[in-house]
Amino acid sequence: MDAPLQTEMVELVPNGKHSEGLLPVTTPMAGNPRVEGPRRSCVEGEGFLQKSPSKEPHFTDFEGKTSFGMSVFNLSNAIMGSGILGLAYAMANTGIILFLFLLTAVALLSSYSIHLLLKSSGIVGIRAYEQLGYRAFGTPGKLAAALAITLQNIGAMSSYLYIIKSELPLVIQTFLNLEEQTSDWYMNGNYLVILVSITVILPLALMRQLGYLGYSSGFSLSCMVFFLIAVIYKKFHVPCPLPLNFTNITGNFSLVEVTKEEAQLQIETETTALCTPSYFTLNSQTAYTIPIMAFAFVCHPEVLPIYTELKDPSKRKMQHISNLSISVMYVMYFLAALFGYLTFYDGVESELLHTYSRVDPFDVLILCVRVAVLTAVTLTVPIVLFPVRRAIQQMMFKNQEFNWLRHTLIAIGLLTCINLLVIFAPNILGIFGVIGATSAPCLIFIFPAIFYFRIIPTEREPTKSTPKILALCFAVLGLLLMTMSLSFIIIDWVSGTGQHGGSH
Ligand SMILES: NC(=O)CC[C@H](N)C(=O)O
């Protein structure tokens with residue numbers, strides 16, 4: 001009947017305005033979610049029909065204006081963040097082959113979950129993650145989605161600001177050619193974070209639409225490309241083992257009475273052991289790989305806002321944008337991890353930039369790399385802030401018209417909270433390890449799958465149809481990953497070896 005008409009039913013109201021008021025959204029009754037299915041289809045069918053005959057002007061006021069290319073920039077920028085800095089460490093704990101396999105799997109799964117989100121939003125007719133939750137499970141579903149988005153993105157933004165706080169003073173120190181850090185205000189990470197937040201992040205975060213951030217996203221991506229080139233270049237210019245390790249090795253030998261040749265031989269053996277890539281590794285840290293990768297590919301809260309602003313939107317076009325962004329990031333992630341790993345091998349730290357500081361903190365190229373990463377993460381904050389503001393609006397001010405004052409106050413409020421967190425409670429970042437381990441699997445695996453399962457009408461896809469069974473398997477996979485990551489974090493805490501959780 002009217003089922004096929006639902007497919008591309010999309011609501012073309014820009015962010016902040018997509019109110020439920022435009023389409024009668026009925027709260028599903030628990031346990032009987034599709035009671036209102038046919039009625040809804042009808043309404044959505046009408047909406048669709050209104051648009052399709054002329055194929056445009058009807059919605060000109062609300063039409064998204066962002067081009068395909070700008071959307072790719074924005075989505076790629078949303079994907080790319082501090083996650084990239086942890087991947088070389090992940091590779092050191094999996095080996096190259098296993099890493100490649102896992103990275104491919106996470107990228108494919110991430111794309112599949114975007115497919116589930118897009119398909120569900122086509123049915124609901126509203127491109128907002130929280131609204132999918134509402135349609136699937138009523139208010140609890142909406143709150144769960146909004147909470148996961150808020151926690152995940154606040155965690156991500158804190159990790160970005162934390163990078164600014166710890167790296168920017170070093171950059172300034174090097175630029176000023178100072179041997180040691182002075183107590184001047186411009187050497188104080190806390191002041192610098194506040195300054196960057198006010199002068200760069202806030203103005204960008206005040207943009208009414210994500211589409212305007214396309215240029216800054218493009219610039220942010222080019223900074224990351226520079227970072228990648230520098231990582232590749234450094235592989236061929238940093239000695240292995242690092243002189244520091246080398247001293248340790250020779251130091252050990254000087255304590256014992258050994259002949260020069262024996263010592264030389266030992267050093268060579270150790271050097272080979274330290275500087276040979278491993279293709280397949282399993283150790284106590286391997287379990288962290290999946291959460292690190294899952295975090296690195298999270299962009300799901302941003303997908304629907306970007307879709308809302310897309311020019312001539314269609315599910316197919318948005319899926320192309322997502323696949324393209326994920327593929328580009330996949331290649332960049334793999335290369336950054338590979339060359340980062342091949343530079344330091346097992347000596348790589350969970351934050352790649354720190355490892356470079358060990359070589360020579362005042363090296364000019366490393367300095368430029370730092371500036372590039374700082375710029376990239378700074379420009380990512382406004383994109384990641386966007387869905388949080390949207391979630392807050394959906395929770396507290398739904399059905400209300402766009403309001404500049406509210407828009408501005410929420411952005412200022414969020415930035416203030418994140419600044420306070422980073423300045424006064426940097427240890428809280430450990431807590432974000434736990435949040436990351438729960439909210440990332442929820443946003444990537446569990447929610448898209450269960451929302452899809454509940455939203456797609458049974459007339460269209462019976463409960464036992466392959467897509468729905470696949471979606472359920474996907475949710476179970478997410479649940480397994482979440483349990484696994486959490487157990488490992490807890491084991492780590494209990495045994496007191498927790499060396500992770502920092503920025504991811
Ligand atoms: N929204 C997000 O959480 C983005 C995280 C991003 N994928 C990163 O690597 O930092």
Side-chain angles (χ1 to χ4, degrees), residues 73-90 103 106-107 109-111 113-114 117 129-130 145-164 201 205 210 213 217 220-221 223-224 227-228 288-306 322 325-330 332-334 336-337 340 350-353 373-391 414 418 422 429 432-445 447-448 485 501-504:
F73 280 164
N74 273 338
L75 194 58
S76 307
N77 194 17
I79 300 178
M80 170 93 71
S82 55
I84 195 171
L85 300 174
L87 290 174
Y89 175 78
L103 192 76
V106 176
L109 293 177
S110 185
S111 162
S113 91
I114 292 181
L117 282 178
Y129 210 135
E130 307 80 23
L147 198 71
I149 291 177
T150 310
L151 290 179
Q152 165 72 28
N153 285 16
I154 287 190
M157 285 188 283
S158 309
S159 79
Y160 302 161
L161 290 195
Y162 191 73
I163 294 179
I164 298 175
I201 301 175
L210 261 179
L213 297 174
S217 292
S220 164
L221 286 181
C223 288
M224 278 304 194
F227 162 80
L228 180 60
Y288 279 118
T289 315
I290 307 250
I292 294 177
M293 287 182 185
F295 179 87
F297 276 106
V298 174
C299 60
H300 302 65
E302 290 83 15
V303 169
L304 295 179
I306 292 175
S322 314
S325 308
I326 290 179
S327 315
V328 173
M329 287 308 121
Y330 169 80
M332 286 186 69
Y333 280 170
F334 179 66
S350 60
E351 216 263 44
L352 188 57
L353 282 184
V373 171
L374 282 175
T375 316
V377 294
T378 307
L379 295 178
T380 305
V381 178
I383 299 259
V384 175
L385 186 132
F386 212 87
V388 185
R389 178 171 45 206
R390 216 178 155 180
L414 278 172
I418 299 162
V422 171
L429 288 181
F432 285 132
V434 182
I435 291 176
T438 38
S439 56
C442 279
L443 289 171
I444 305 186
F445 301 97
F447 290 169
S485 328
S503 55
H504 315 293

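Atoms within a ligand are numbered from 1 in the order they appear, just like the ligands themselves. Heavy atoms only: backbone and side chains are in, while hydrogens, waters and symmetry mates are out.
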Quiz prompt | N/O separation below 3.5 Å, Cys299 to ligand 1 | solution = no
Quiz prompt | Backbone N/O of Ala296 and side chain of Tyr333: donor-acceptor pair under 3.5 Å | solution = yes
Quiz item: Does some non-hydrogen atom of Ala78 fall short of 4.0 Å from ligand 1?
Solution: yes
Self-check item: Closest approach of any protein heavy atom to atom 9 (O) of ligand 1, naming residue and atom
Solution: Gly83 N, 3.1 Å
Quiz item: If we only count N/O pairs under 3.5 Å, is Ile79 in contact with ligand 1?
Solution: yes
Quiz item: Under 3.5 Å, N or O to N or O, is Val298 touching ligand 1 that way?
Solution: yes
Quiz item: Between the main-chain N or O of Leu443 and the side-chain N or O of Tyr129, is there a donor-acceptor pair closer than 3.5 Å?
Solution: yes
Quiz item: Is Glu302 near ligand 1, meaning one of its heavy atoms is under 4.0 Å from it?
Solution: yes
Practice problem: Could I get the full list of side chain to side chain donor-acceptor pair (under 3.5 Å) partners for Thr380, not counting sequence neighbours? | Solution: Asn77
Exercise. Quick one: pull up OG in Ser159 and CG in Leu85 and give me the separation to the nearest 0.5 Å.
Key: 9.0 Å
Quiz item: Is ligand 1 under 4.0 Å from a heavy atom in the side chain of Tyr160, in the backbone, in both, or in neither?
Solution: side chain
Quiz item: So does Phe227 have more than 12 non-hydrogen atoms from other groups sitting under 6.0 Å from CZ?
Solution: yes
Self-check item: Candidate list Ile326, Ile383, Leu221, test side-chain contact (heavy atoms from CB on, under 4.5 Å), partner Ile79, passing option
Solution: Ile326
Quiz item: In ligand 1, which numbered atoms sit nearer than 4.0 Å to a non-hydrogen atom of Asn153?
Solution: 1 (N), 2 (C), 3 (O)
Quiz prompt | Contacting atoms of ligand 1, where contact means under 4.0 angstrom from a heavy atom of Gly81 | solution = 8 (C), 9 (O), 10 (O)
Self-check item: Contact (N/O only, under 3.5 Å) between Ala296 and ligand 1
Solution: yes
Quiz item: Does Ser82 have a non-hydrogen atom less than 4.0 Å from ligand 1?
Solution: yes
Exercise. Look at atom 3 (O) of ligand 1 and say which protein heavy atom is nearest, naming residue and atom and giving the distance to 0.1 Å.
Key: Gln152 NE2, 2.8 Å
Quiz item: Which value, rounded to the nearest 0.5 Å, describes the distance between Asn74 atom CG and Ser220 atom OG?
Solution: 10.0 Å
Quiz item: When you look at Thr438 and Leu151, which way does the side chain to side chain contact (heavy atoms under 4.5 Å, CB included) test go after all the steps?
Solution: CA-CA 10 Å; Thr438 38; Leu151 290 179; over 6 Å; no
